[in-house]
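We name chains A, B, ... by the order of the sequence lines, and we start the count at 1 in each one.
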Protein chains: 2
Amino acid sequence: MSTTPLAAPRRATITDVAREAGTGKTSISRYLNGEMSVLSPELRARIEAAIERLNYQPNQMARGLKRGRNRLIGMLLADLTNPYSVEVLQGVEAACHALGLMPLICHAANEVEMERRYLQLLTTYRVEGVIVNALGVREETLRPVGGGGIPAVLVDRSVDGLVADMVGLDNRAAAELGTRHLLDNGFDDIWFVVQPFEQVSSRQLREAAFREVMSGAGGTSSDARGHTLVLNLAEPVAVERALAELDRAIDAADGPGDAVASVTGNATGNATSSVTVRTGGKGGRIALFAANAPVALCLALHLKARYGADWQARVALLSIDDPEWAELTGITAIRQPTYEIGYRAVEFLHERIEGVQTTARDCLLPGELIVRASTLR
Amino acid sequence: MSTTPLAAPRRATITDVAREAGTGKTSISRYLNGEMSVLSPELRARIEAAIERLNYQPNQMARGLKRGRNRLIGMLLADLTNPYSVEVLQGVEAACHALGLMPLICHAANEVEMERRYLQLLTTYRVEGVIVNALGVREETLRPVGGGGIPAVLVDRSVDGLVADMVGLDNRAAAELGTRHLLDNGFDDIWFVVQPFEQVSSRQLREAAFREVMSGAGGTSSDARGHTLVLNLAEPVAVERALAELDRAIDAADGPGDAVASVTGNATGNATSSVTVRTGGKGGRIALFAANAPVALCLALHLKARYGADWQARVALLSIDDPEWAELTGITAIRQPTYEIGYRAVEFLHERIEGVQTTARDCLLPGELIVRASTLR
DNA sequence: CTGTTAGCGCCTTCAT
DNA sequence: ATGAAGGCGCTAACAG
């Protein structure tokens, strides 16, 4: 209704309130900090009124400066574009809310340089702790943080050389779960597709677990073959090359009866070639195991472009991460307990901030397999 | 390599640096603020060295307290789950980066109460301005902000009663673009599906523009029918009901030549069964115009569940917003210039912070139609 | 060119 | 139960 007044002179300070309430700053401060028991009901009422009248709101910065803690924590995200991040964030926010913390969210957009800058910026704002889910974090990058005295907890990936709490998916179990599912459903030619994993512990673990299960399966079941394909999403040409390799395998695997030889190598140039001989039947349908949602999306888009809307008839797709389009497209997925990951991360951090000195803890949460049409039969 | 030292005594202060450099705080301060021209090269070098040695990093909070500005701006998002928000955010971050601002990102998770709390919290941290993309913002909610003296710029929606800059999609043009596209491609039964739009200006505008075009079309072309369907995503039962209504329409419109009776009920048990007799030709295919991505996703999921993977053969889907799964599923979309929206918002805000006093400005950016298989033929 | 002196808004002894 | 004084880390006049 009424137009808001344009006059916005200057926010009331504690001094203003004191004057308005006819008392000293100390009492106001006490009121603000909830030390009610030490204030006469009378004074308390006056203060309350003054605050109301002046629409006073304490300046967090000033409080922080004085008491040394500003209730700010940093949350460094490598990639908000990844639904995983947003979901984790929800948990983080909920926990912060519950613990009276304010998360400073920083989005590095997959740029290592950004990560460094943000970390340094957070430090500059004297955040009380940091939750890190970054790409290029190396021990030295985090030095100003982990070492500099401000507590840090890692999400999804650990950083070697840096001892810190970390919380994330139980990668081994998840990769095993997925691989077994594929094997159990008769797929004997499985491609694990993952972004460059040398630097990222979670990817490493997933890939290793996949390989382990596959090699075990080789002995047990007929002769399942497992391949690892690296998909460097940041390098379009590398992606091209990797996908082409995949296409060859798919084409070769398709169709019944006749034997086909396929030579494959990985994208890093450090080619790991493998020769496989198919023996046919419907069972020849290849299965793709995407290490995370971005990879799965890339694969799905490519396959759809190449084989048409019906691409799933030729290839099965399973992904770690359960993005919103998974249900729509019918791919099976391993959903991460993202919300809880975020929540726990904050809890850990909070404990550290409160001075807990335990040795670094790891919290590995289980993933949930969501079977959809893609990997059945 | 080396384990990070656990000793993390206390961050160096400007005083420490001064002592270390054998000079006064003022010079340090000058150095920090880039007033190099006023420092002897010699002193400057000593300062540089001292800072390096102590790994000193100025305390932003303290600076902010003193100079009255902390370079912090608030960014209130109604729903980070909506890809739109994340994309806008990227623009915001880029702009902040360029302008030396630090965005404090707040995610209200579609809860009006949260929005209020965050707004108040931001105020408490003395942010210099706020970018608001909220759900339940009413003039009074923003009072502490817009009126309280701290500049605000609105994104995507305007708030009546509140005069402030706003930047967003040119909703009228976008809705027209989409509707015309549908009409041009022979669809004569179009459903505009939107979340409750009484409170949200952008939704209102889109719906109105849709209706306008449709009524115009009724006169010109044959006799196109336009419907508006409200989908309250927050109310599962309401969603059920709305989707059931849609199903009826789809069943009725479908199929060529021969008459077919189909009985349908929805899953809630609260069955709204309907017997329909199809009469039409291919032209009878209904088109759905989703007002944004969340709506489109909801529709797509439902349709897929009801009509199977081939649902697009029965219904065409066009959406404002171009989520990552749009390409995958082949629906046509109107992509918003999200990045630019975010970028401009920050620019506006920055100007306000710098004291620009112009009357409230609106910046309406055009959407881009991306035609895909769904709405062709 | 460089250092001294006051605060910014708040919390915290320490008296009263 | 209440208030006065000092200081958190930094900047901004003023002197030298």
Expressed as a whole number of angstroms, how long is the span from B:Ile14:CD1 to D:dG7:P?
18 Å

Please report, to 0.1 Å, the donor-acceptor pairs under 3.5 Å made by any side chain of residues 90-97 of chain B, with sequence neighbours excluded.
{"from": "B:Glu93", "atom 1": "OE1", "to": "A:His107", "atom 2": "ND1", "distance (Å)": "2.9"}
{"from": "B:His97", "atom 1": "ND1", "to": "A:Arg117", "atom 2": "NH2", "distance (Å)": "3.2"}

B:Tyr84 vs B:Val155, side chain to side chain contact (heavy atoms under 4.5 Å, CB included): CA-CA, chis, key distance, verdict:
CA-CA 11 Å; B:Tyr84 169 84; B:Val155 162; 3.6 Å; yes

Could you pull out all residues at least two apart from B:Arg361 that satisfy salt bridge (charged side-chain N to carboxylate O under 4.0 Å, His left out)?
B:Asp165, B:Glu351

Spacing of B:Arg69 atom CZ relative to D:dC10 atom C1', expressed in whole Å:
16 Å

Non-hydrogen side-chain atoms of B:Asn59 and B:Thr13 separated by less than 4.5 Å
no

Euclidean distance, atom CD of residue A:Gln57 to atom C1' of C:dC10 [Å, nearest integer]
15 Å

Return the residues of residues 41-53 of chain A meeting this criterion: a heavy atom under 4.0 Å from some atom of DNA chain D. Order them by number, or give none.
A:Leu43

Can you pull out the residues from residues 24-31 of chain A that lie within a 4.0 Å heavy-atom distance of DNA chain C?
A:Lys25, A:Thr26, A:Ser29, A:Arg30

In whole angstroms, how far is the P atom of D:dT11 from the CG atom of B:Leu39?
13 Å

Using a 4.5 Å cut-off on heavy atoms from C-beta on, say whether the side chain of B:Met61 contacts that of A:Leu72.
yes

Side-chain ion pair, A:Glu128 and A:Arg352, N-O less than 4.0 Å
no

Looking at every heavy atom in both B:Arg126 and B:Asn70, which two are closest together, and how far apart are they?
O-OD1, 3.1 Å

Please give, in whole Å, the distance from C:dT2 P to B:Asn33 CG?
16 Å

Can you tell me if B:Ser85 uses its side chain to pair, donor with acceptor, with the backbone of B:Asp79 under 3.5 Å?
yes

Quickly work out the B:Glu35 CD to C:dT2 P distance and round it to whole Å.
13 Å

Should stems be defined as at least three consecutive Watson-Crick or G-U pairs with both distances under 3.5 angstrom, which of them involve DNA chain C?
C:1-4 with D:13-16, C:6-16 with D:1-11

Closest non-hydrogen contact found for A:Tyr56 with A:Ala12 is CD1-O, 3.3 Å

Find out whether B:Leu43 and B:Arg30 are in side-chain contact, i.e. whether some heavy atom of one side chain is under 4.5 Å from a heavy atom of the other.
no

Taking every heavy atom of A:Leu65 against every heavy atom of B:Ala62, the minimum-distance pair comes out as CD1-CB, 3.8 Å

Side chain A:Arg46, main chain A:Ala21, donor-acceptor under 3.5 Å:
yes

Please tell me if A:Ser40 has a side-chain N or O lying less than 4.0 Å from either OP1 or OP2 of D:dT2.
yes

Please work out which residues in residues 59-68 of chain B have a non-hydrogen atom less than 4.0 Å from an atom of DNA chain D and list them by number.
B:Asn59, B:Ala62, B:Arg63, B:Lys66

Within this structure, what is the CZ-to-P distance between B:Arg126 and C:dG9, rounded to whole angstrom?
9 Å

Measure CG/A:Leu54 against P/C:dG9 and give the value in whole Å, please.
13 Å

As a quick check of understanding, evaluate side chain to side chain contact (heavy atoms under 4.5 Å, CB included) for B:Tyr31 and B:Glu48, giving each step before the final call.
CA-CA 9 Å; B:Tyr31 176 88; B:Glu48 201 134 8; 3.2 Å; yes

Using side-chain heavy atoms (C-beta onward) and a distance below 4.5 Å, is B:Leu121 in contact with B:Cys106?
no

For the P atoms, the ones on C:dC1 and on D:dC10, what distance do you get once it is rounded to whole angstrom?
25 Å

